[in-house]
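Have a look at the structure below, then the notes.
Below, chains carry the letters A, B, ... as their sequence lines are ordered, and counting in each starts from 1.
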Amino acid sequence: MEKEIPKTYTASDWEEQLYAKWEESGFFNPDTCIEKGVTEKDAPPFSIVLPPPNVTGTLHTGSACMLAIEDLIVRYHRMKGDRTLWIPGTDHSAIATQAKVERLLLEEEGKTRHDFSREAFLERVQKFAADNQERILYQVRKLGASVDWSRLAFTLDEKRALAVRTAFKKMYEDGIIYRGERIVNWDPKLQTTVSDDEVDHREEHSPLYYLQYGPFVISTARPETKFGDKYVVVHPADERYQAYTDGQQIKLEWINGPVTATVIKDEVIDPTFGTGAMTITPWHDATDFDIATRHHLDWEPIISEAGLLLPVAGEFAGMPISEAREKIVRKLETKGLLVKTDDTYLHNIAINSRGGGIIEPQIKKQWWISVNKEFEREGKIVTLKSLMQQAVHSKEITIIPERFEKTYFHWIDNLRDWCISRQIWYGHRIPVWYRGEETYCGIEAPAGDGWEQDPDTLDTWFSSGLWTFSTLGWPAHSQASVAGRPGPENDFANYHPTTLIESGYDILFFWMARMILMTEYFFGKAPFKTIYLHGLVRDEDGRKMSKSLDNIIDPLDVIAKHGTDALRLALVLGSTPGNDLRLSDEKITAMRNLVNKLWNIGRYISQQETDSGEQEKTKSDADYWILSRLQNTTSEVTRLLENYQLSLAAETLRDFTWNQFADWYVEVHKVEKNDTVLHHVFITLLKLWHPFMPFVTEALWETFGHQTKNLLMVERWPTDQDSKIHSSFQIVIGLIQDIRSIKAFYRIDPVTKLNLTVHKNSQKMIQNCAVLFKHLARIENIHFSEEIPLHTVLAQSETLQVFIELDGVIDFATEKKRLEKEITTKEKYIASLETKLSNQNFLERAKPDIIAAEKEKLSDVQEQIKNFTKHLASLSS
RNA sequence: GCACGCUUAGCUCAGUUGGUUAGAGCACCUCGUUUACACCGAGGGGGUCCAAGGUUCGAGUCCUUGAGCGUGCACCA
C-alpha cells in the first residue's frame with residue numbers, strides 16, 4: 001500500500017464520511033437491500049422501532065446506550081440476511097415540550113401562553129420542536145445508528161394523527177374510552193391532569209396536627225383542606241368508638257363555626273394510626289374519594305385549580321395553600337381546637353415528574369381508558385388488564401431480564417383506569433365534539449353548525465402506545481398491505497408485529513405496557529416478541545447524571561474525544577440487561593485502545609507484501625490453530641448474539657482479537673508469512689466486529705479489505721463450517737509461555753537465546769513448527785535425543801516436555817526448590833481429584849462426560865508430576 | 001407494607017440449564033522501546049465469590065434466614 005497509515009486510528013477522520021456512505025447506499029432501507037440483491041425477498045423479517053426521543057430534548061448517555069445496543073442488534077440481523085427494518089422517529093412529549101416552551105417564553109419575553117391565542121402558541125411550540133428535532137436526529141446519526149431515515153416518523157405528524165383518531169374512535173365506540181367525573185392528579189403549576197405513572201413521590205417532614213373535632217381527635221397534615229369536612233370515619237371494630245353508630249350525626253364547633261358531622265364506619269381506616277379517627281376531604285384525596293363513593297357522601301371543592309382557597313374557607317378564601325396553612329393552625333389554636341403537633345411526621349408529597357408542581361388531587365370530568373371493563377374476545381370475557389397479563393404470561397412476549405416480568409405483573413395488579421386527557425394545548429386534540437346535549441366522536445369534525453371540539457389533548461403515551469403499528473402504515477395502508485412485497489405501503493404485512501423492543505427499564509410501564517395494551521386490543525397480538533431492557537447509565541461514582549450534580553457526560557463530547565466506536569463498546573461491554581452501568585473515562589479509554597488494537601492489526605496487514613501470484617501456502621499447525629479458534633469464536637459470538645448476550649459476545653471477540661490473533665497469530669505470521677490465512681481471519685474478524693464498532697471496521701474494510709466493492713455493512717455474517725479443525729499448536733503456545741516464565745523467574749534477559757533438548761517422544765510436535773518455535777521462544781539450537789542431559793530446566797505443556805540447557809547460568813538449588821513447590825501444588829490438586837474420583841456417589845450420579853473429564857485431568861497432572869519428580873531426581877545426580 | 005435487585009481481586013464488573021485448580025478490564029509489581037500498535041509487548045502478585053444454615057456426589061450458581069446498599073410499587077388521617 002502506498003498510503004501511509006497512521007499509527008493510531010483517528011475516529012473523527014472517518015466517521016462523518018462513513019456514515020454518509022452508508023446513508024447514501026440506501027442499505028438502511030430493507031427495500032433497497034432487496035432491490036440490490038443484498039437481502040432475499042423472502043428472508044425472515046427483523047423489525048424494531050427506535051424508542052422515539054423527546055423532540056426537544058438532547059441525546060444523553062441513556063439514549064447513546066439504547067442506540068448502541070439497538071444498532072448492534074440491527075446490524076447483526078442485516079448482515080445475517082434478514083429483512084431488517086429499524087424505524088426512527090421522535091416524540092412530541094406533550095407536557096415536557098409545552099412546559100419547556102412556556103418556561104422559555106416567560107424567561108425571554110415575560111409572557112405566558114395565555115398572552116397568545118391557542119393557535120399562535122402552538123405555532124411557537126411547533127417551531128421550537130422542529131428546530132430541535134434536527135439536532136436530536138443529528139445526534140442519532142453521530143452514534144452510527146443504521147435507521148431507515150426514509151420512514152422517519154413523528155408522534156404528532158399527519159399519519160400518526162390519523163392513527164390516534166382512528167384508535168380513539170374505535171375505543172370510544174367500544175366503550176373502552178369513557179368520559180367521567182373522578183378524582184385526578186391535578187398539577188396547579190402546569191394546569192393539567194397527569195396520569196398515576198407520571199406522579200413522583202418525595203418524602204418530606206411536615207407537622208401532623210391533632211385537632212379536636214367534637215368528641216373526636218383527628219390528625220391531619222393538611223389543615224387547609226379541612227373546612228368542608230363533615231364526615232368522621234372510624235374503623236367498625238374500633239372499641240374506642242363503639243358508642244357512635246354509623247350515620248350518627250353530631251353537632252360540633254369547627255374552624256369557621258358550628259357544623260354537623262356524620263359518623264362513618266369503614267374498614268379502610270387503620271386504628272393504629274393517630275387516634276384511629278379521621279375526617280375526609282373527598283374532593284382532594286383519592287382515599288377519601290373512594291370512601292365517599294362507597295358511602296354515597298357529598299363532596300365539595302376547597303381549593304381551586306389555581307391552588308387558592310375557595311369561598312368555603314371564609315376569611316381564608318383566595319389565599320394560596322402555603323400562606324393559609326399557618327394562619328388556619330393559629331386560628332384553631334386560639335379556638336382551643338389544636339390538641340398537639342407532631343413535628344416528626346414523615347410523609348410523601350406527590351409531584352408531577354414532568355417538571356411540574358405539587359400534585360393537588362381534584363375531582364374533574366376527564367377522559368379515561370377503562371382497564372377493567374369486560375368485553376368478549378374469541379369467546380372469552382377479557383379486560384385490558386387481562387390481555388396485558390396474558391401477553392407476558394403466555395410467553396408471547398419475553399422480557400429480558402426475566403425478573404422484570406414480576407415487576408410488570410405487579411404494576412398491572414395495581415393499575416387503575418388511565419386518565420388520557422390533558423389540559424395542555426400541545427398534543428393530539430381529543431376527537432370529540434359537543435353541541436348541547438349531543439356528543440360526536442369521529443376522525444373528522446362533524447357536519448353542521450354549532451359543534452365545539454373538546455379543548456383537551458391526549459396523554460402523549462396514547463400516541464406512543466400505537467407506535468409499533470402507527471409507524472408501519474396503520475390505518476392508511478394496513479388493509480391493503482401484502483406480505484412479501486417491498487415498499488412502505490406493505491410494511492404492516494411485512495413487519496408487524498415487530499421482533500424486538502429495546503429501552504431503559506424506567507419506561508417499561510409508560511411505554512411497553514401501553515403498546516401491549518393497544519396492540520392486544522386492536523389486533524389480538526403482542527406488539528413485539530422480546531423486550532430488552534437496559535440499565536441506567538450512571539457516572540463513575542454510581543450517581544444518576546443530573547444537571548444539579550453537574551456530572552452529565554455528553555455522548556458527543558466522548559465521541560469527539562475518543563470516537564463513537566469506543567463509546568458504544570463502553571456502553572455494551574461489561575454490562576448486563578436491567579443492571580445500571582457506570583460510565584468512566586477509564587472504561588472509554590480502554591475501549592478506544594481496543595479499537596486502536598484492531599486498527600493496528602490492519603496496519604500490520606497493510607504493510608505485508610501481498611503477492612497475489614504466489615501459490616497458496618500449505619497450512620501449518622499454527623494456521624490450523626487460528627482457524628479453529630476463529631471457528632469457535634464465530635459460532636460462540638453468533639450464539640451469544642442470538643440470545644441477546646451482547647457483553648459476552650463482545651468479550652469473546654476481544655479475547656480472540658487480542659489474546660489469540662494479535663498476540664499469537666500475528667507473531668506467527670512474521671515467521672510463516674501465510675498471507676491467505678492472515679487475511680481470511682482478519683476479514684472475518686471485521687465482519688464479526690462490525691455490529692459492535694461499525695466505523696473502524698468499515699474504515700478498515702475500505703482501506704484493507706479491497707477485494708470487494710460492497711460496504712462491510714451489508715457483507716454476509718460469517719458462518720462456522722461444520723468440519724472440525726484440530727491443531728496441537730495450543731500446546732506449543734503453553735510451552736512457549738512456560739519457557740518465557742522460566743526465563744523471567746531466573747531474570748534472564750528475554751532476548752537471550754537458549755539451547756534445549758527435546759525428548760524423541762515430543763520430536764514431531766516441535767519439528768512441525770521448529771522455525772516458529774525457535775523464534776517465539778528465543779531458542780538457538782534444539783537437540784532431539786532419548787538421553788536427557790544433566791542439569792537442565794524442565795519446561796512442559798501438557799504432555800510436551802523440553803529441557804532447557806542452563807548449566808552454569810542458574811543455581812540448581814533454586815531450581816530444585818521451584819520444582820518442589822510445583823510438585824506440592826500439583827499434589828494438592830491430585831488429592832482433590834482423587835477424592836472426587838473415589839467417591840462412589842460421584843461415579844454413580846455425575847454425568848459420564850464429567851467423570852471422563854475429571855479422569856483425564858487426573859492423568860494429565862499425574863503425568864506432569866511424574867515428569868517433575870523424574871527431573872528433580874536428575875538434578876540431584 | 002409488598003416486591004425486585006446488588007454484595008465476586010485495590011477499583012469497575014462478567015460469570016443463563018449446578019460440574020476445568022473462579023475470570024476480564026483498569027490499577028499494582030518486575031522487565032522491555034524486537035520495523036502493527038507504548039492507545040504497546042513479556043512475566044507476575046492479588047479473591048474464606050456478604051454471613052450462617054440447608055439441598056446435592058458436587059454450590060459463586062439452587063433453597064432458607066440474616067446484614068448492608070439500592071430500586072420500583074402501594075399506603076400515608
**Q.** Of all pairs that satisfy side-chain hydrogen bond (donor to acceptor under 3.5 Å, both in side chains), the ones with a partner from residues 206-218 of chain A, not counting sequence neighbours
**A.** A:S206-A:H347

Q: May I have all residue pairs that pass salt bridge (Lys or Arg N to Asp or Glu O under 4.0 Å) and include part of residues 659-671 of chain A, sequence neighbours excluded?
A: A:E667-A:K670

Q | Those residues that, when tested against A:D506, pass side chain to side chain contact (heavy atoms under 4.5 Å, CB included) (two or more places apart) | A | A:L536

Q | Inter-nucleotide P distance (B:G23, B:G15), Å rounded | A | 16 Å

Q) Taking only residues two or more places apart in sequence or in another chain, which ones pass side chain to side chain contact (heavy atoms under 4.5 Å, CB included) with A:S832? A) A:Y829

(Q) Generate the contact string for nucleotides 58-75 of chain B. Rules: B means base contact, S means sugar-phosphate contact only, - means no protein heavy atom under 4.0 Å. (A) --------------BB-B

Q: Could you list all the salt bridge (Lys or Arg N to Asp or Glu O under 4.0 Å) pairs where at least one residue sits in residues 203-213 of chain A, not counting sequence neighbours?
A: A:R202-A:E204

Q: Pick base, sugar-phosphate or nothing for A:L648, based on heavy-atom distances below 4.0 Å to the nucleic acid.
A: sugar-phosphate

Q: For A:R818, enumerate each residue passing the side chain to side chain contact (heavy atoms under 4.5 Å, CB included) test, keeping only those at least two apart in sequence or located in another chain.
A: A:I742, A:F745, A:Y746, A:V793, A:E815, A:E822

Q.
Treating primed atoms plus P, OP1 and OP2 as sugar-phosphate and everything else as base, which nucleotides of nucleotides 26-35 of chain B get B, S or - for protein heavy atoms under 4.0 Å?
A. ----S---B-

Q: Identify, with sequence neighbours excluded, every residue that meets side chain to side chain contact (heavy atoms under 4.5 Å, CB included) alongside A:T272.
A: A:D270

**Q.** Pairs flagged by side-chain hydrogen bond (donor to acceptor under 3.5 Å, both in side chains) wherever residues 573-584 of chain A is involved - sequence neighbours left out
**A.** A:R403-A:N579, A:Y505-A:D580, A:R538-A:D580, A:T576-A:N579

Q. Residues in salt bridge (charged side-chain N to carboxylate O under 4.0 Å, His left out) with A:E854, at least two apart?
A. A:K836, A:K857

Q: Any chance you could encode RNA chain B as dot-bracket? Rule is Watson-Crick or G-U wobble with both distances under 3.5 Å; [ ] for pairs crossing earlier ones, | for another strand.
A: (((((((..((((.....[...)))).(((((.......))))).....(((((..]....))))))))))))....

Q) Does the pair A:D197/A:R514 count as a salt bridge with the N-to-O cut at 4.0 Å? A) yes

